[in-house]
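Residue indices begin at 1 and follow the sequence shown.
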Amino acid sequence: MSQKPLPEINAAATPFVKWVGGKRSLLPELFARMPAQFNNYYEPFLGGGALFFALRNMQQRGGGTFYLSDINFDLINTYQVIQRDPEPLIDKLRQHAAKHSKDYYYKIRSQHDLDDRVEIAARFIYLNKTCYNGLWRVNSKGEFNVPIGSYKNPAICQENVIRVCHRALQEVDIRLRDFRKLQAGRGDFVYFDPPYQPLDRASFTRYAKDDFGIKEQQALRDLCLALHDRGAKFMLSNSDTSSTLYGNPVFKIATVKAPRFVNSKASGRGAVNELLITNY
């Protein structure tokens with residue numbers, strides 16, 4: 001909880017980080033395919049949380065609980081810091097913004113052993129806002145290794161965005177947790193936005209220390225089948241190459257066009273097919 005009153009802000013909550021594969025541009029497609037009613041909401045591959053924030057903006061008090069989780073410690077720690085008290089984080093981001101330079105970026109990037117949770121969160125947002133394409137990629141040791149981006153005036157400290165997110169995250173359950181531990185049941189709704197099955201060899205799936213390969217894709221499919229048996233509803237986003245995993249009649253598959261901004265070749269950017277997979 002905040003230690004002091006926040007200024008009044010009349011604004012809708014939006015993601016406070018850039019996230020590769022973020023769903024802001026696909027929100028109309030997602031809303032069009034969501035169930036009309038559900039109890040609790042689960043999002044176990046949280047990322048930027050675009051769908052969560054959009055739902056939270058519309059939610060009236062007295063609804064079900066929002067359960068947000070991810071296996072990326074830096075990401076979840078930042079959500080939790082913002083949920084508790086955004087002001088120390090904002091103060092630290094102001095310091096990062098004032099000192100930002102190429103040398104400073106690589107100095108902060110090398111700080112893999114911080115132990116203060118506010119400093120860890122500020123480092124996460126600073127690197128996210130100043131690295132190449134907002135790409136969060138780590139090596140096998142879990143160390144962030146993306147080079148600096150070419151931004152003239154990066155939005156490092158978005159105070160109002162963070163404060164509005166603080167309000168939206170109240171009474172929300174936020175946990176560092178593997179997707180396989182999901183506890184959704186009858187009447188609940190789950191949105192899955194996992195690392196996609198790769199379209200080509202240039203694709204990457206290492207957003208956390210452990211890679212997200214074919215075994216994890218299969219485990220996710222099996223979890224979806226288990227959720228169906230429990231009476232939960234789910235919607236899952238994935239690449240167009242994943243259709244062979246979802247041949248069971250339980251799965252209803254729709255194809256949508258989604259923008260693709262990150263690719264080593266300019267010819268690989270633009271609109272691509274993605275799948276939206278549901279059990280209803």
Between atom [atom1] of [X] and atom [atom2] of [Y], what is the distance when rounded to the nearest 0.5 Å?
{"X": "M235", "Y": "E29", "atom1": "CE", "atom2": "CD", "answer": "10.0 Å"}
{"X": "E171", "Y": "Q83", "atom1": "CD", "atom2": "CD", "answer": "10.0 Å"}
{"X": "Q95", "Y": "C157", "atom1": "CD", "atom2": "SG", "answer": "10.0 Å"}
{"X": "N238", "Y": "L276", "atom1": "CG", "atom2": "CG", "answer": "10.0 Å"}
{"X": "N128", "Y": "F144", "atom1": "CG", "atom2": "CZ", "answer": "7.5 Å"}

Inset, instruction - With side-chain contact (heavy atoms from CB on, under 4.5 Å) as the test, would you mind laying out the steps for N133 and V20 before giving the verdict? - result: CA-CA 8 Å; N133 273 345; V20 173; 5.8 Å; no

Looking just at side-chain N and O atoms, do [X] and [Y] make a donor-acceptor pair shorter than 3.5 Å?
{"X": "Y196", "Y": "T241", "value": "no"}
{"X": "Q197", "Y": "D240", "value": "no"}
{"X": "K257", "Y": "N273", "value": "yes"}
{"X": "Q80", "Y": "R175", "value": "no"}

Which of I253, L275, L220, L236 passes side-chain contact (heavy atoms from CB on, under 4.5 Å) with S242? It is L275

Looking at [Y] and [X], is any side-chain nitrogen of the basic one under 4.0 Å from a carboxylate oxygen of the acidic one?
{"X": "E119", "Y": "R123", "value": "no"}
{"X": "K23", "Y": "D193", "value": "yes"}
{"X": "R109", "Y": "E143", "value": "no"}
{"X": "D91", "Y": "R94", "value": "yes"}

* Asked: So I162 and L93, side-chain contact (heavy atoms from CB on, under 4.5 Å) or not? Walk me through it.
  -> CA-CA 11 Å; I162 292 172; L93 286 172; 3.5 Å; yes

Hey, does the side chain of [X] reach the backbone of [Y] with a donor-acceptor pair shorter than 3.5 angstrom?
{"X": "D188", "Y": "N40", "value": "yes"}
{"X": "K129", "Y": "L127", "value": "no"}
{"X": "R177", "Y": "L182", "value": "no"}
{"X": "Y132", "Y": "S150", "value": "no"}
{"X": "N77", "Y": "D74", "value": "no"}
{"X": "Q217", "Y": "P195", "value": "yes"}
{"X": "N139", "Y": "K141", "value": "yes"}
{"X": "R56", "Y": "L169", "value": "no"}

Should the ring pair F38 and F189 be called parallel, tilted or perpendicular, given that the plane angle runs from 0 to 90° and is split at 30 and 60? tilted

Next on the checklist: Can you tell me how the ring of F53 sits relative to the ring of Y79, calling it parallel under 30°, perpendicular over 60° and tilted otherwise?
Outcome noted: parallel

Which of F45, Y42, F66 passes ring pair (Phe, Tyr, Trp, His ring centres under 6.0 Å) with F52? Answer is F66

Do the two ring centres, one from [X] and one from [Y], sit under 6.0 Å apart?
{"X": "H100", "Y": "Y126", "result": "yes"}
{"X": "F234", "Y": "H228", "result": "no"}
{"X": "Y41", "Y": "Y67", "result": "no"}

Check: Would T78 and F16 count as a side-chain contact (heavy atoms from CB on, under 4.5 Å) if you check the C-alpha gap in whole Å, the side-chain angles of each, and the deciding distance to 0.1 Å?
Finding: CA-CA 10 Å; T78 304; F16 57 85; 3.5 Å; yes

If we only count heavy atoms from C-beta on, is the T278 to F251 side-chain gap below 4.5 Å?
-> no

